[in-house]
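Some notes on the structure that comes next.
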Amino acid sequence: MIRIALVAVGMWFTLSAFAAQTVPGLPPGYVPTSEEELTNFERARVHTDLGAQYYAAGNIGVALDEFNIAATIERRYIPAHYMLGLVYMDLKDDVQAEDHFKRALDLDSNNSEARNNYGWFLCQRGKIEESIKQFMAALKNPLYETPDKPYVNAGICTLKLKDDKGAEEYFLKALKLRPNQPQALLALADIYFRANDLPNARAQMILFMKAHNPTPDALWLGVRIERKLGDRASESSYSQMLRQRFPVSKENQALAAGRFE
């Protein structure tokens, strides 16, 4: 399963902002009343952004420390809580994970990133219907900058229900918002491949390969699509890329062993 990148922080504000508007990442309508208070929000933002970088790099321990520092500096800083939710989810500490997701949503029930990340947590714990509700709630905010993400996540979670048709609809909606969305393209290619709709599977793979660096699972899917289509030249091209770029991958091992099914 392709892991979706769920981090969306990187917020900025100035020390004069409290005089005019709510600071991003804080509860709606809340306006800092002093420069010292606003400085604490800025410190929380810096630690959250740093933690997000460590999280994306797979350094969970350091990420946890940074997010905890941010939440300690300013308990109302929403991104610190929903990122802590993701970290505790990875650590299998579901009590802590759910607690931080709910803290984020208590601070701002319309925070789309918090809704999206909480939905992903529910999906990973097998609560598919509940997760879909969270993804759809994330989409209600017209200011959400990455609405393709909840659609992709909804599609991935719907696949767990063996509902390829429902998942396809979510992935197509994601592509309407972001035509080269990588997870949606690859997931659709796999859905069409399993349905033996090989022309459509190939079309999605071509779009993916044009816009993104290939992954082992993408190249392996390309091999099998072209093999079924009987295009030996294209099959060979995908196979060569898989062998050269990912020689120790499980996909290349399957290729070497001729396990195409």
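Values below: every heavy atom of this structure, side chains too, minus hydrogens, waters and symmetry copies. Note that the structure is a prediction, hence the values are computed from the model and not measured.
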Hey, mind stepping through E129 and I132 against side chain to side chain contact (heavy atoms under 4.5 Å, CB included) and telling me if it holds? CA-CA 5 Å; E129 289 83 2; I132 301 297; 5.9 Å; no
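- In this structure, the side chain of S237 does not engage the main chain of A233 through any donor-acceptor pair within 3.5 Å.
- Under a 4.0 Å N-O distance rule, the pair E42/R45 qualifies as a salt bridge.
- Between Q181 and D148, the side chains place a donor N or O and an acceptor N or O closer than 3.5 Å (distance only, hydrogens not considered).
- Results of the side chain to side chain contact (heavy atoms under 4.5 Å, CB included) test with R115 over D108, N110, L105 single out L105 as the only residue that passes.
- Taking hydrophobic clusters as Ile, Leu, Val, Met, Phe, Trp and Tyr residues chained together by side-chain heavy-atom distances below 4.5 Å, I206 does not share a cluster with F171.
- When the salt bridge (charged side-chain N to carboxylate O under 4.0 Å, His left out) test is applied to D94, the partners found at least two apart in sequence or on another chain are R125.
- There is a path of hydrophobic side-chain contacts, each under 4.5 Å, that joins M136 to Y118.
- Take H81 and apply the ring-ring contact (aromatic ring centres under 6.0 Å, His included) test, not counting sequence neighbours, and it matches H100.
- With a 4.5 Å cut-off on side-chain heavy atoms, R224 and L221 count as touching.
- Within the structure, the disulfide bond (SG atoms under 2.5 Å apart) test picks out no pair touching residues 79-111 (sequence neighbours left out).
- Hydrophobic clustering keeps L50 apart from Y77 (ILVMFWY residues linked when any side-chain heavy atoms are closer than 4.5 Å, directly or through intermediates).
- When all heavy atoms of I225 and M205 are compared, the pair lying nearest together is CD1-CG, 3.4 Å.
- For the ring-ring contact (aromatic ring centres under 6.0 Å, His included) test, residues two or more places apart in sequence or in another chain that qualify with F121 are F101.
- The hydrophobic cluster containing L175 also contains I156, counting ILVMFWY residues as joined when their side-chain heavy atoms lie under 4.5 angstrom apart, directly or transitively.
- Looking at T158, its side chain never comes within 3.5 Å of a backbone N or O of A167 through a donor-acceptor pair.
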Could you give me the CA-CA distance, side-chain angles and deciding distance for R178 and Y151, then say whether side chain to side chain contact (heavy atoms under 4.5 Å, CB included) is met? CA-CA 11 Å; R178 183 182 168 195; Y151 278 129; over 6 Å; no
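- Remark: R202 pairs with E226, D231 by the salt bridge (charged side-chain N to carboxylate O under 4.0 Å, His left out) rule, at least two apart or across chains.
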Please tabulate, for the side chains in residues 184-201, all donor-acceptor contacts under 3.5 angstrom to protein atoms that are two or more places apart in sequence or on a different chain.
{"unit_1": "D190", "atom_1": "OD2", "unit_2": "R194", "atom_2": "NE", "d": "3.0"}
{"unit_1": "Y192", "atom_1": "OH", "unit_2": "E168", "atom_2": "OE2", "d": "2.8"}
{"unit_1": "R194", "atom_1": "NH1", "unit_2": "D164", "atom_2": "OD2", "d": "2.7"}
{"unit_1": "R194", "atom_1": "NH2", "unit_2": "D164", "atom_2": "OD2", "d": "3.4"}
{"unit_1": "D197", "atom_1": "OD2", "unit_2": "N200", "atom_2": "ND2", "d": "2.9"}

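- Hydrophobic clustering, with ILVMFWY side chains joined whenever heavy atoms are under 4.5 angstrom apart, groups L207 together with M209.
- In this structure, Y144 and P150 approach most closely via the heavy-atom pair CE2-CG, 3.5 Å.
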Tell me which donor-acceptor pairs under 3.5 Å the side chains of residues 61-70 have, and how far apart each pair is, sequence neighbours excluded?
{"unit_1": "E66", "atom_1": "OE1", "unit_2": "H47", "atom_2": "ND1", "d": "2.6"}
{"unit_1": "N68", "atom_1": "ND2", "unit_2": "L64", "atom_2": "O", "d": "3.3"}

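- For K102, the salt bridge (charged side-chain N to carboxylate O under 4.0 Å, His left out) test picks out E98, with sequence neighbours left out.
- The ring-ring contact (aromatic ring centres under 6.0 Å, His included) pairs that include a residue from residues 220-250 are W220-F260, where partners are two or more places apart or lie in different chains.
- Proximity of a side-chain donor or acceptor of T146 to a complementary backbone N or O of K149 within less than 3.5 Å is not detected.
- With sequence neighbours excluded, the residues that form a salt bridge (charged side-chain N to carboxylate O under 4.0 Å, His left out) with E235 are R227, R232.
- Within the structure, no pair that satisfies the disulfide bond (SG atoms under 2.5 Å apart) test touches residues 161-233, not counting sequence neighbours.
- Residue pairs meeting the disulfide bond (SG atoms under 2.5 Å apart) criterion with at least one member in residues 81-139, sequence neighbours excluded: C123-C157.
- Expressed to the nearest 0.5 Å, how far CG of L242 lies from CG of D217 amounts to 10.0 Å.
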